[in-house]
Amino acid sequence: EVNLELGTFTGLGGVSRVETIVGSAAMTDSVIGPDAPTNYTLTGVDSFRGGGIPSFFDFEDLTGGRGNDEFAMQRGARLTGVLDGGGGRNFLNYRNFGARVSVDVGPASTATGIAGGFVIVGEFTGSTGSADTFTRKGIFDDSYTLTAQNTGTLRSRGVPGTVRFDGFENLDGGEGNDHFELRNRASVDGRISGGPQTAGGEDTLLVDDANQRVARSYSISNGRISDDLTLRFDGIEELTLSLGSGDDSVTTDFFRFAQD
């Protein structure tokens, strides 16, 4: 174990001015980062570097320090152990990963390229140009709020804190009663899915265009809503469209429709 907070190294009293550290091939090795906020770049299999710290190779577990840390996954990066954000508000960034990614912030806490899962990470960015998926699996009553394209927040009843995401083209709900709210013409490029539903439950979708001042023509069908933008969805039991002050028109064959 290498602990950069304490300046300790397994088998050594301490080391200074070291540029590269290679882990053992026979066991699971871990790094605990410094207290200061650190930007880690994961560059290959169990390999990473960061500002002001050595480059590490063959270290399976990575734990951030007490500050707000960023973990940036490069193309081909993979951690075979656990990613632990440590303290602070921490950020997992796939922007330069170069392939489709999936993140589940439910109890399993799984993410593409992180074999052992993650803990204490509250912000996520998907891969550029890929159909990425963001979800919280499990029986939670989740509320997704989209504030820009493929960007928004997630809050869950009974679960403290807010999770932030951007660059995710698909949102998948879990088994609870999920609510998806689209503000300021925000949407996703892929699909919103309510997910599997427990008996008597209901997943809802609110398209909030109340601040719009121009006339719009909406067409709503089972699995699709469009005007000049198109949103695809499934597993939604109730759709609410909140209209602006323009002279809007709505055409629908959706099985349930509520209008504000």
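A quick note: this is a predicted structure, and the numbers were derived from the prediction, not measured.
The closest side-chain donor-acceptor pair between R155 and T162 falls under 3.5 angstrom. A donor atom on one side chain and an acceptor atom on the other are found under 3.5 Å apart for S156 and D142. Using modelled atom types, one finds no donor on one side chain facing an acceptor on the other under 3.5 Å when comparing S217 with D227. Judged by distance alone, the side chains of N93 and E70 do bring a donor and an acceptor atom under 3.5 Å apart. At a cut-off of 3.5 Å, with distance as the only test, a side-chain donor of H179 or T204 sits close to an acceptor on the other residue. One side chain, T125 or D166, offers a donor N or O that lies under 3.5 Å from an acceptor on the other.
Using a 4.5 Å heavy-atom cutoff, the side chains of I53 and P34 are in contact. You'll find the side chain of R185 reaches within 4.5 Å of the side chain of D209, heavy atoms only. The closest side-chain heavy-atom distance from I32 to D84 is not below 4.5 Å. For the pair F165/N150, no side-chain contact is recorded, criterion being any heavy-atom separation below 4.5 Å from C-beta on. Side-chain contact check for T151 versus L146: every heavy-atom pair is 4.5 Å or farther apart.
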Exercise. Please lay out, stage by stage, how D234 and R191 fare under the test salt bridge (Lys or Arg N to Asp or Glu O under 4.0 Å).
Key: CA-CA 8 Å; D234 59 62; R191 179 178 296 271; 3.6 Å; yes
Take R66 and D35 through the salt bridge (Lys or Arg N to Asp or Glu O under 4.0 Å) test and state the conclusion after the steps.
CA-CA 5 Å; R66 299 177 185 175; D35 282 345; 3.7 Å; yes
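Across every non-hydrogen atom of E181 and D208, the tightest pair is OE2-OD2, 4.3 Å. In terms of heavy-atom proximity, V82 sits nearest to D61 at N-OD1, 2.8 Å. Across every non-hydrogen atom of Y144 and R136, the tightest pair is OH-N, 3.3 Å. The minimum heavy-atom distance between D132 and V101, with the atom names listed, is OD1-N, 2.8 Å. Listed here is the closest heavy atom pair of R213 and S245: CD-OG, 3.1 Å. Residues T147 and A186 come closest through the heavy atom pair C-CB, 3.7 Å.
With sequence neighbours excluded, the residues satisfying side chain to side chain contact (heavy atoms under 4.5 Å, CB included) with E123 are R89, F91, R164.
Judged purely by atom type and a 3.5 angstrom limit, N90 uses its side chain to pair as donor or acceptor with the backbone of D69.
Distance check: T80 OG1 to D46 CG gives 3.5 Å after rounding to the nearest 0.5 Å. To the nearest 0.5 Å, atom CG of residue L42 and atom OG of residue S47 are 8.5 Å apart.
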